[in-house]
Amino acid sequence: MDLEFVCSYSERPAPDLTRRDIARALLAVPSGVALVALPDLRREMFAAGNPMTLVFWESAKRTLSAIESGQATVGDVQRWLESTGTEPILLTSGYFLWPEEDERGPVAEEMYVRLVGFLEERVESGEIDPDALAAGDPAARRAYEELQERWLNNPLPDGRVPGFAVSDEQDEELFAAWDEQEELALSELHRILAELPKQPELPPAALRAACAQLREVLDFPGYPGSVLRACAGFDDRAMPDDDQELWLTVAAGIAGPISDLPEAGDDPEEFADLEGELSHEDQALAALCSIQHADWLATVASLARTGPGALASPEHIARLVGESEEIADPDDPTDLDEFADEPEDTELLFSTVVDLWRYLGVVDDSDLLTPLGWWGLPRALERAWSAAGD
């Protein structure tokens with residue numbers, strides 16, 4: 001750990017090194033090694049005509065000592081790195097969060113480098129005072145945050161707004177990963193259904209009775225009608241007259257909600273209260289949106305294999321998911337195990353599912369799978385995943 005290492009790590013000659021370059025290099029080696037090398041590194045920087053200030057070297061020693069003694073938190077280290085004056089703030093006051101370094105796409109990497117260059121120019125002009133940041137000056141910190149907020153939210157010469165450009169790239173990556181999971185899960189569902197010893201048949205009388213009840217529920221303004229309408233997208237389109245189409249649309253919506261609850265009647269101040277409690281309807285919809293493809297696949301596959309009379313209580317579903325072989329194949333690098341929910345969360349999430357299933361006649365009052373549920377659940381899940389990819 002010497003000046004040559006810092007220059008190589010930062011890809012800059014000694015006269016051009018910044019505080020950030022030195023700090024990142026110091027953090028790239030064990031803290032004990034960095035502490036021992038600190039005095040010699042300081043002398044080498046002085047000899048190279050780029051001495052830094054006493055405030056910086058003292059802050060470096062203080063931070064590295066705290067790391068070595070186990071007293072420094074991740075936040076402490078990040079704050080010190082940001083106090084160099086050219087390190088972008090990881091989480092801004094406007095809630096913009098930079099992706100981790102190894103998770104940045106091309107756009108995020110470009111914008112990050114651009115911001116570092118922008119901050120270096122501001123340090124050079126004297127607009128940013130790194131010594132004040134290192135000393136913990138509140139006013140300097142606020143000015144530093146505001147400067148970055150403005151940069152993130154103002155267009156570049158090419159018209160792109162950095163903060164939005166990074167967020168859009170992250171959204172695209174998230175959607176691509178979600179589509180990949182969905183495609184894999186759908187393929188597994190088809191395989192499982194093809195291997196069933198007996199294919200379920202539609203019970204017409206049960207479907208008519210279930211849809212008669214379902215239409216009444218969907219006309220109800222509160223829960224569960226509001227949630228089921230949002231799941232099926234019926235707030236934006238008319239309900240189908242055909243019973244089979246209606247039932248499958250709603251059942252598929254539970255596995256893959258199409259829309260959110262209507263905004264009419266929402267209180268903006270209540271919505272902005274991050275500590276306020278969600279309504280029962282919002283909690284139900286959030287639970288449905290939180291269930292992973294792996295857990296849906298494990299649940300429906302197990303129920304389809306067992307057939308009518310299978311226990312489908314939330315507690316039993318949690319056990320089915322935990323014991324499922326569909327989501328954990330040690331010989332398959334593309335298995336869905338990494339996308340499964342934690343077992344302790346599964347029961348809570350499926351409590352909402354089972355409650356809504358009762359209104360469709362998927363399960364009876366004892367949480368046992370009905371013939372209608374046996375016929376319809378696999379088809380509904382297939383529809384949810386196929387429609388999402390269209």
Side-chain angles (χ1 to χ4, degrees), residues 174-175 177-196 200 227-228 230-233 247-259 283-307 310-329 332 334-363 367 369-370 372-390:
L174 178 63
F175 293 146
W178 186 264
D179 289 344
E180 183 180 354
Q181 295 174 35
E182 205 153 66
E183 183 178 351
L184 174 60
L186 183 59
S187 174
E188 283 297 291
L189 178 65
H190 287 157
R191 178 187 64 79
I192 292 164
L193 296 180
E195 294 174 353
L196 289 179
V227 174
L228 292 175
C231 288
W247 194 95
L248 286 173
T249 300
V250 177
I254 292 174
I258 291 178
S259 62
Q283 288 178 349
L285 200 56
L288 298 180
C289 293
S290 299
I291 300 175
Q292 300 294 320
H293 296 88
D295 294 349
W296 277 115
L297 179 64
T299 299
V300 173
S302 180
L303 294 177
R305 288 190 179 110
T306 305
L311 181 60
S313 66
E315 299 86 354
H316 190 63
I317 287 176
R319 287 198 293 274
L320 293 178
V321 170
E323 298 170 358
S324 173
E325 297 180 357
E326 267 71 54
I327 63 175
D329 183 355
D332 183 1
T334 62
D335 74 79
L336 291 167
D337 185 46
E338 63 176 302
F339 303 116
D341 287 314
E342 293 296 325
E344 57 267 23
D345 298 330
T346 305
E347 181 179 337
L348 180 61
L349 294 176
F350 273 91
S351 294
T352 297
V353 173
V354 174
D355 185 51
L356 294 175
W357 276 353
R358 295 190 188 101
Y359 296 100
L360 277 76
V362 173
V363 296
D367 291 343
L369 184 70
T370 65
L372 178 60
W374 185 45
W375 166 81
L377 280 186
R379 288 168 173 78
L381 193 59
E382 180 181 31
R383 173 178 290 214
W385 291 345
S386 299
D390 291 342

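Every heavy atom of this structure was used, including side-chain atoms; hydrogens, water molecules and symmetry mates were not.
In this structure, A384 and A255 approach most closely via the heavy-atom pair CB-CB, 4.1 Å. Heavy atoms only, all atoms of each residue included: T370 and G361 are closest at OG1-O, 2.6 Å. Taking both residues in full, the closest heavy atoms of I254 and W296 are given as O-CZ2, 3.6 Å, listed atom of the first, atom of the second, then distance. Of all non-hydrogen atoms in P314 and D367, the two that sit nearest each other are CD-OD2, 4.2 Å. Taking each heavy atom of A232 and I258 in turn, the nearest pair found is O-CD1, 3.5 Å. Between L248 and G376, the shortest heavy-atom contact is CD2-O, 4.0 Å.
Counting only heavy atoms from C-beta outward, the side chains of T249 and R383 approach each other to under 4.5 Å. In this structure, the side chains of W385 and E183 stay at 4.5 Å or more apart for every pair of heavy atoms. You'll find the side chain of S290 stays beyond 4.5 Å of the side chain of D345, heavy atoms only. The shortest side-chain heavy-atom distance between L360 and L228 falls under the 4.5 Å cut-off. Two residues are said to be in side-chain contact when any heavy atoms from C-beta on lie closer than 4.5 Å; L285 and P257 meet this criterion.
L369 meets the side-chain contact (heavy atoms from CB on, under 4.5 Å) test with L303, A310, V362, W374, L377; sequence neighbours excluded. Legend: residues meeting side-chain contact (heavy atoms from CB on, under 4.5 Å) with P378, ordered by chain and number and at least two apart, are L193, V300, A304. Listed by chain and number, the residues in a side-chain contact (heavy atoms from CB on, under 4.5 Å) with S187 amount to none (sequence neighbours excluded).
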For residues 348-356, which side-chain donor-acceptor pairs fall under 3.5 Å, sequence neighbours excluded?
residue : atom : partner : partner atom : Å
S351    : OG   : E347    : O            : 2.9
D355    : OD1  : R358    : NH1          : 3.2
D355    : OD2  : Y223    : OH           : 2.4

Donor-acceptor list for residues 315-322 side chains, cut-off 3.5 Å, not counting sequence neighbours:
residue : atom : partner : partner atom : Å
E315    : OE1  : S313    : OG           : 3.3
H316    : ND1  : R319    : NH2          : 3.4

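Between R191 atom CZ and L297 atom CG the span is 8.0 Å, to the nearest 0.5 Å. Between L184 atom CG and H293 atom NE2 the span is 9.5 Å, to the nearest 0.5 Å.
Without hydrogens or angle criteria, S302 side chain to A298 main chain gives no donor-acceptor distance under 3.5 Å.
Contact check on R379 versus E382 returns no salt bridge, with no Lys/Arg side-chain nitrogen under 4.0 Å from an Asp/Glu carboxylate oxygen.
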